[in-house]
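Notes follow the structure.
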Protein chains: 2
Amino acid sequence: MASLDERLEDALRASGRRSTTQRRLILEVLAEGSLHLDASELHARVRERDPSISLATVYRTLAVLKELGLVEEHRLGQDHGLYEAIHDEPHYHFTCLRCGKVIEFDTPLVELIEQELAEREGIGVTRTHLLVSGYCAECRAATH
Amino acid sequence: MASLDERLEDALRASGRRSTTQRRLILEVLAEGSLHLDASELHARVRERDPSISLATVYRTLAVLKELGLVEEHRLGQDHGLYEAIHDEPHYHFTCLRCGKVIEFDTPLVELIEQELAEREGIGVTRTHLLVSGYCAECRAATH
DNA sequence: TTACCTGCAAAGGGTTTGCACTTTG
DNA sequence: CAAAGTGCAAACCCTTTGCAGGTAA
């Protein structure tokens, strides 16, 4: 697959939008940053490289990137959005109900579930989200 | 399993909380309502039977009910919470991206995924959400 | 040049909270 | 009664938007 940056340029052009310093920088930070950033943390990191970028631009850019399919927004039990650049492979999440830690994982069983469901219901599957909640190893230990 | 109402009484007693008209009514409405209500719609329905109940109480009660494990909050791509009384069996959702239709289903494979994950990461699983998106049979036919 | 984009600050909308009053146990 | 719960309204926090000035194409 093409690099995120190339995909950004292509998608912007295709949708008649402009390539700006802010949009490139925001996607760049998102792509290299830790897996799930919220808007204000993303804003803070972006500001380390360009202090003039506003939070409003971060939100507006995130909306564009989501629309272009380059970024995905999760609300994993949180009360606010977490953003993540989309990688090649689908992946699923575990979140700790106590400390909020997120563990990503993948499993072929989801595809199996999709197949069974598609066959039984005659549907076409586009995407599947799997969210497991519970307590991580540290928090389990802490509450004993 | 005991009725929701009995479970409510038990859980409230066990946690040293009081049983109030508001709490009973809110859970009752939630239990009979459509699958996913947001806080203000829930408030509206509750008010049909007791107009004096405030939105603040709805939110406070929802927090209690969640803590007691009687109600579950979803944020399936929405920007605000949707609430649902927890029934006996876990169930998963398919939603049609075109018409919004929801199909509920169940599968033992989710449990398998939970076991694998718990073993590998040392976590304790409380609950798992599975959301499949795509196009239902009718909408697939309609777009051909 | 001219849309599109950005920064700023103010507005929005869902959710939470301080306070005085009410109700449960 | 004492403590927990409620209603009201204001506060909160994340997110969106109007506007005037900037910038890509």
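Naming convention: chains lettered A, B, ... in sequence-line order (proteins, then strands); numbering from 1 in each chain.
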message = What I want to find out is whether Glu67(A) reaches Arg17(A) closely enough, with some N-O distance under 4.0 Å, to be called a salt bridge.
response = yes
inquiry  = Quick check on dG7(C): is either OP1 or OP2 less than 4.0 Å from any side-chain nitrogen or oxygen of Thr57(A)?
reply    = yes
inquiry  = Has Arg140(A) got a side-chain atom pairing as donor or acceptor with Ile123(B)'s backbone, closer than 3.5 angstrom?
reply    = yes
task = For Leu25(A) and dT23(D), give me the distance from atom CG to atom P, rounded to whole Å.
result = 16 Å
request  = Please determine, for the side chain of Ala56(B), which listed nucleotide (dG7(C), dA9(D), dT15(D)) has the closest atom?
outcome  = dA9(D)
ask   = When the ring planes of His74(A) and His129(A) are compared, do they come out parallel, tilted or perpendicular, using 30° and 60° as the limits?
value = perpendicular
task = Could you tell me whether Ala39(B) contacts a base, only the sugar-phosphate backbone, or nothing, with contacts defined as non-hydrogen atoms closer than 4.0 Å?
result = sugar-phosphate
message = So does Leu8(B) get a backbone contact from the side chain of Arg23(B), meaning a donor-acceptor N/O pair under 3.5 Å?
response = no
message = Whether Tyr59(A) contacts dT16(D) is assessed here as follows: a side-chain N or O lying under 4.0 Å from the phosphate OP1 or OP2. Is that the case?
response = no
ask   = Atom CZ of Arg24(B) and atom C1' of dT6(D): how far apart are they, to the nearest Å?
value = 14 Å
query = Across the strands shown, which category fits Ser19(B) at heavy-atom distances under 4.0 angstrom: base, sugar-phosphate, nothing?
reply = sugar-phosphate
query = Which listed nucleotide (dT15(D), dG5(D), dG7(C)) is nearest to the side chain of Arg23(B)?
reply = dG5(D)
query = Would one find a side-chain N or O of Gln22(A) under 4.0 angstrom from OP1 or OP2 of dT23(D)?
reply = no
request  = Quick one: label Leu55(A) by what it contacts on the DNA or RNA (base, sugar-phosphate, nothing), any heavy atom closer than 4.0 Å.
outcome  = base
note = Between CG of Leu62(A) and P of dC14(D) the distance, given in whole Å, is 15 Å
query = Can you find a heavy atom in the side chain of Val71(A) that is under 4.5 Å from one in the side chain of Thr61(A)?
reply = no
Nearest-Å distance for atom pair NZ/C1', residues Lys66(B) and dT15(C) = 10 Å
request  = Counting heavy atoms from C-beta on, name the nucleotide in dT17(C), dG7(C), dA24(D) closest to the side chain of Thr21(A).
outcome  = dA24(D)
query = Salt bridge between Arg13(B) and Asp10(B), side-chain N to carboxylate O under 4.0 Å?
reply = yes
query = So, Thr57(B) and Gln22(B): side-chain donor and acceptor under 3.5 Å apart, yes or no?
reply = no
task = Kindly state which residues belonging to residues 8-18 of chain A come within less than 4.0 angstrom of DNA chain D, counting heavy atoms of the residue only, listed by number.
result = Arg18(A)
inquiry  = Using whole Å, what does the distance between atom C1' of nucleotide dT6(C) and atom CD1 of Ile26(A) come to?
reply    = 10 Å
ask   = Can you tell me how far OH of Tyr83(A) sits from CG of Leu27(A), rounded to the nearest 0.5 angstrom?
value = 14.5 Å
ask   = How many Å lie between CG on Asp50(B) and P on dT22(C), as a whole number?
value = 16 Å
ask   = Rounded to whole angstrom units, what separation is found between the CG atom of Leu42(B) and the P atom of dG14(C)?
value = 14 Å
Whole-Å gap separating C1' (dG13(C)) and CG (Leu82(B)) = 15 Å
request  = Have a look at Arg60(B) and say if it touches a base, only the backbone sugar-phosphate, or nothing, with a 4.0 Å heavy-atom cut-off.
outcome  = base
query = With sugar-phosphate meaning primed atoms plus P, OP1 and OP2, does Ser40(B) contact a base, only sugar-phosphate, or nothing at under 4.0 Å between heavy atoms?
reply = nothing
